[in-house]
Peer 1: 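My questions will all concern the structure given below.
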Amino acid sequence: MTGGINTVRGWVRTCRSLCVLTGAGVSAESGVPTFRGPEGLWKMRDPMTLATPEAFAADPREVWEWYQWRRQRIRGCAPNPGHAALAAVEAAIPDFLLVTQNVDGLHRLAGSRQVAEIHGSIWVVRCAGCGAEREERDDFADLPPRCTACGGLLRPGVVWFGEMLPPGPSSAAMEMLSRCEMLIVAGTSAVVAPASGYAGVAKRRGARVIEVNPDETLVSAICDATFRGKSGDVLPALFGHPKSA
Ligand code: BJW
Ligand code: ZN
């Protein structure tokens with residue numbers, strides 16, 4: 001590790017092309033549960049019975065009950081200072097992309113506009129029959145919900161294990177990782193592909209890589225700076241008043 005907080009603040013100030021990769025840890029301080037770790041969602045339930053196309057085909061109602069529970073929980077959560085800092089820094093950097101694995105929509109709610117949601121959105125539903133997609137923030141009275149156009153099963157608009165990422169956000173992420181001067185990786189355990197490889201891509205293309213996470217992860221070893229704290233504390237400290245500092 002080479003950079004302390006003031007060094008990295010200086011890098012941010014002069015950076016013209018910044019990519020930020022976020023994961024569930026960035027929303028933890030908003031009350032959204034993470035996946036792994038002692039209180040993670042996967043401690044309570046086996047991901048293979050909930051977050052795969054096979055699980056949905058076997059028991060769509062069971063999968064939908066879990067997603068409806070998560071939608072209800074996320075509905076009560078507000079963006080935290082980490083989300084706000086990311087939304088604010090966007091305006092100060094000429095070339096910026098926030099690549100998020102999060103499906104909760106809190107980055108957009110905080111005001112971020114340059115966002116690639118590579119694992120989709122929990123607020124989007126897609127018809128498994130005709131492919132029609134729409135935003136739906138209300139609860140469904142009957143589970144599993146059905147498409148009003150074709151009667152097919154609606155599914156959550158998220159990316160499950162074994163599925164390809166949505167091409168638009170995925171290409172935007174890869175293009176940015178190939179050209180950015182700096183990548184900040186915040187709140188992800190970096191164990192799920194392909195995002196687990198993003199830091200390596202950026203590093204090989206010459207970008208500085210900075211990590212914000214209370215714990216060590218698989219990307220820590222290649223980082224130019226690591227901040228072992230909560231993103232709600234560290235991100236505002238890194239970006240504080242980016243135009244004037
Ligand atoms: C804080 C903090 C604070 C805490 N501040 N930090 C074998 C079979 C089938 C597939 C595979 C296989 N082997 C490999 C694969 C590929 C698979 C994969 O990588 N699996 C691994 C687990 C092994 N990937 C895929 O299938 C992907 N598609 C793909 O690769 O297509 C090509 C392909 C297909 C088939 C075979 C091979 C290739 C798709 C992955 C989709 C992931 N989907 C989920 C669910 C989304 C929907 C939903 O929300 O329900 O996405 S899984 C879950 O993990 C979710 C997350 O986005 C993702 C990443 O988790 P994240 O964000 O890192 O969270 P955590 O909880 O892991 O970490 C939180 C971190 O925050 C921790 O580090 C904390 O320390 C930290 N933290 N508080 C800052 N305050
Ligand atoms: Zn349909």
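Every number for a ligand or one of its atoms is a count from 1 in the order of the listing. Side chains included, hydrogens not; waters and symmetry mates left out as well; all remaining heavy atoms used.
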Peer 1: Any protein heavy atom under 4.0 Å from atom 41 (C) of ligand 1?
Peer 2: yes
Peer 1: Please answer whether the main-chain N or O of I93 pairs with a side-chain N or O of R16 as donor and acceptor at a distance below 3.5 Å.
Peer 2: no
Peer 1: Would you name the heavy atoms of S220 and T226 that are closest together and state the gap between them?
Peer 2: O-CG2, 4.2 Å
Peer 1: Between K43 and E39 (salt bridge meaning N to carboxylate O under 4.0 Å), is one present in this structure?
Peer 2: no
Peer 1: Decide salt bridge (Lys or Arg N to Asp or Glu O under 4.0 Å) for K203 and D224; before the verdict, give the C-alpha distance in whole Å, the side-chain angles of both, and the deciding distance to 0.1 Å.
Peer 2: CA-CA 9 Å; K203 185 77 181 177; D224 298 277; 3.0 Å; yes
Peer 1: Out of S231, G232, G37, whose heavy atom is nearest to atom 79 (C) of ligand 1?
Peer 2: S231
Peer 1: Following the transitive rule for hydrophobic clusters with a side-chain heavy-atom cut-off under 4.5 Å over Ile, Leu, Val, Met, Phe, Trp and Tyr, establish whether Y198 and V191 coincide in one cluster.
Peer 2: no
Peer 1: Within the 4.0 Å heavy-atom shell around V103, which atoms of ligand 1 are there?
Peer 2: 49 (O)
Peer 1: Regarding ligand 1, does W160 bring an N or O atom to under 3.5 Å of one of the ligand's N or O atoms?
Peer 2: no
Peer 1: What protein heavy atom is closest to atom 70 (C) of ligand 1, reported as residue, atom name and distance in Å?
Peer 2: G187 O, 3.4 Å
Peer 1: Any protein heavy atom lying closer than 4.0 Å to atom 27 (C) of ligand 1?
Peer 2: yes
Peer 1: Are M44 and L50 co-members of a hydrophobic cluster defined by side-chain heavy atoms under 4.5 Å apart?
Peer 2: yes
Peer 1: Write out the residue and atom name of the closest protein heavy atom to atom 77 (N) of ligand 1, then the distance separating them to 0.1 Å.
Peer 2: G25 CA, 3.5 Å
Peer 1: Show the nearest heavy-atom pair for residues G111 and A87, with the distance to one decimal.
Peer 2: C-CB, 3.8 Å
Peer 1: Which ligand 1 atoms are under 4.0 Å away from a heavy-atom of P214?
Peer 2: 1 (C), 2 (C), 6 (N), 77 (N), 79 (C)
Peer 1: Any N or O of N102 that comes nearer than 3.5 Å to an N or O of ligand 1?
Peer 2: no
Peer 1: Has the side chain of D46 got a donor or acceptor atom that lies under 3.5 Å from a matching backbone atom of M48?
Peer 2: yes
Peer 1: With a heavy-atom distance limit of 4.0 Å, tell me whether Q101 approaches ligand 1 through its side chain, its backbone, both, or neither.
Peer 2: both
Peer 1: Does any non-hydrogen side-chain atom of F96 lie less than 4.5 Å from one of R113?
Peer 2: no
Peer 1: Hydrophobic clusters here meaning ILVMFWY residues chained together by side-chain heavy-atom distances under 4.5 Å, can you tell me if V124 and W66 are in one?
Peer 2: no
Peer 1: So, for atom 1 (C) of ligand 1, does the protein have a heavy atom nearer than 4.0 Å?
Peer 2: yes
Peer 1: If only atom types and distance count, is the side chain of T217 paired as donor or acceptor with the main-chain N or O of V219 below 3.5 Å?
Peer 2: yes
Peer 1: For E163, is there an ion pair with R126 - N to carboxylate O distance below 4.0 angstrom?
Peer 2: no
Peer 1: Once you restrict to heavy atoms under 4.0 Å, what part of T188 touches ligand 1? Side chain, backbone, both or neither.
Peer 2: both
Peer 1: If you scan the protein for heavy atoms around atom 18 (C) of ligand 1, do you find one that is closer than 4.0 Å?
Peer 2: yes
Peer 1: Examine the proximity of ligand 1 to A51 and report which part, side chain or backbone, both or neither, has a heavy atom under 4.0 Å away.
Peer 2: neither
Peer 1: Within a distance under 4.0 Å of any heavy atom of R70, pick out the atoms of ligand 1 and give their elements.
Peer 2: 48 (C), 49 (O), 50 (O)
Peer 1: Check this for me - ligand 1, M164, N or O atoms closer than 3.5 angstrom, yes or no?
Peer 2: no
Peer 1: Any link between W123 and L143 through a network of hydrophobic side chains (Ile, Leu, Val, Met, Phe, Trp, Tyr) touching at under 4.5 Å?
Peer 2: yes
Peer 1: Decide whether L106 and Y67 are clustered together by the hydrophobic rule: side chain heavy atoms of Ile, Leu, Val, Met, Phe, Trp, Tyr closer than 4.5 Å, transitively.
Peer 2: yes
Peer 1: Which of the numbered atoms in ligand 1 are under 4.0 angstrom from any heavy atom belonging to D215?
Peer 2: 75 (O)
Peer 1: Should E117 and T100 count as side-chain neighbours, where that means a heavy-atom distance under 4.5 Å?
Peer 2: yes
Peer 1: From atom 15 (C) of ligand 1, is the closest protein heavy-atom distance below 4.0 Å?
Peer 2: no
Peer 1: What atoms in ligand 1 come closer than 4.0 Å to a heavy atom of A24?
Peer 2: 61 (P), 62 (O), 64 (O)
Peer 1: Distance to 0.1 Å, residue and atom name: give those for the protein heavy atom nearest to atom 68 (O) of ligand 1.
Peer 2: S189 N, 3.3 Å
Peer 1: Do you know which two heavy atoms are closest between L165 and H119, and how far apart they sit?
Peer 2: CD2-CD2, 3.9 Å
Peer 1: Against ligand 1, does G162 come closer than 4.0 Å with any heavy atom?
Peer 2: yes
Peer 1: Using protein heavy atoms only, decide if any is under 4.0 Å from atom 33 (C) of ligand 1.
Peer 2: no
Peer 1: Note the single closest protein heavy atom to atom 52 (S) of ligand 1, along with its residue, its atom name and the distance in Å.
Peer 2: F161 CZ, 3.4 Å
Peer 1: Quiz question: by atom type and distance under 3.5 Å, do the side chains of H83 and S27 form a donor-acceptor pair?
Peer 2: yes
Peer 1: Under 4.0 Å from a heavy atom of E163: which atoms of ligand 1 are those, numbered in the order shown and with their elements?
Peer 2: 27 (C), 28 (N), 29 (C), 31 (O), 39 (C)
Peer 1: Are V103 and R70 side-chain neighbours, meaning at least one heavy-atom pair lies under 4.5 Å?
Peer 2: yes
Peer 1: Would you check whether V159 has a nitrogen or oxygen atom less than 3.5 angstrom from a nitrogen or oxygen atom of ligand 1?
Peer 2: yes
Peer 1: So which protein heavy atom does atom 78 (N) of ligand 1 come closest to, and at what separation?
Peer 2: A28 CB, 3.8 Å
Peer 1: For residues V20 and L235, determine if any side-chain heavy atom of one lies less than 4.5 Å from a side-chain heavy atom of the other.
Peer 2: no
Peer 1: Below 4.0 Å, non-hydrogen atoms only: which portion of Y67 touches ligand 1? Side chain, backbone, both or neither.
Peer 2: side chain
Peer 1: Among all protein heavy atoms, pick the one closest to atom 25 (C) of ligand 1 and tell me residue, atom and distance.
Peer 2: A193 O, 3.7 Å
Peer 1: Closer than 4.0 Å to some heavy atom of E29 - which atoms of ligand 1 meet that?
Peer 2: 3 (C), 5 (N), 80 (N)
Peer 1: Could you check atom 60 (O) of ligand 1 against the protein and tell me its nearest heavy-atom contact, residue, atom and distance included?
Peer 2: R36 NH1, 3.0 Å
Peer 1: Where does V191 meet ligand 1, judged by heavy-atom distances below 4.0 Å: at the side chain, the backbone, both, or neither?
Peer 2: backbone
Peer 1: Any idea which protein heavy atom is nearest atom 57 (O) of ligand 1, and the distance to it?
Peer 2: H119 ND1, 2.8 Å
Peer 1: SG (C130) to the Zn ion (ligand 2) to SG (C147): angle, nearest 10 degrees?
Peer 2: 110°
Peer 1: Can you sort out which atoms of ligand 1 are near N213, meaning under 4.0 Å from one of its heavy atoms?
Peer 2: 72 (C), 73 (O), 74 (C), 75 (O), 76 (C)
Peer 1: F35 versus ligand 1: do any nitrogen or oxygen atoms come within less than 3.5 Å of each other?
Peer 2: yes
Peer 1: Calculate, to the nearest 0.5 Å, the distance between atoms OG and CZ belonging to S178 and R204 respectively.
Peer 2: 10.0 Å
Peer 1: Under the 4.0 Å line, does any protein heavy atom show up next to atom 37 (C) of ligand 1?
Peer 2: no
Peer 1: Using distance alone, determine whether K230 and ligand 1 share an N or O pair under 3.5 Å.
Peer 2: no
Peer 1: Other residues, nucleotides and ligands only: do more than 12 of their heavy atoms fall within 6.0 Å of CZ on R205?
Peer 2: no
Peer 1: Within the structure, does at least one protein heavy atom fall under 4.0 Å of atom 47 (C) of ligand 1?
Peer 2: yes
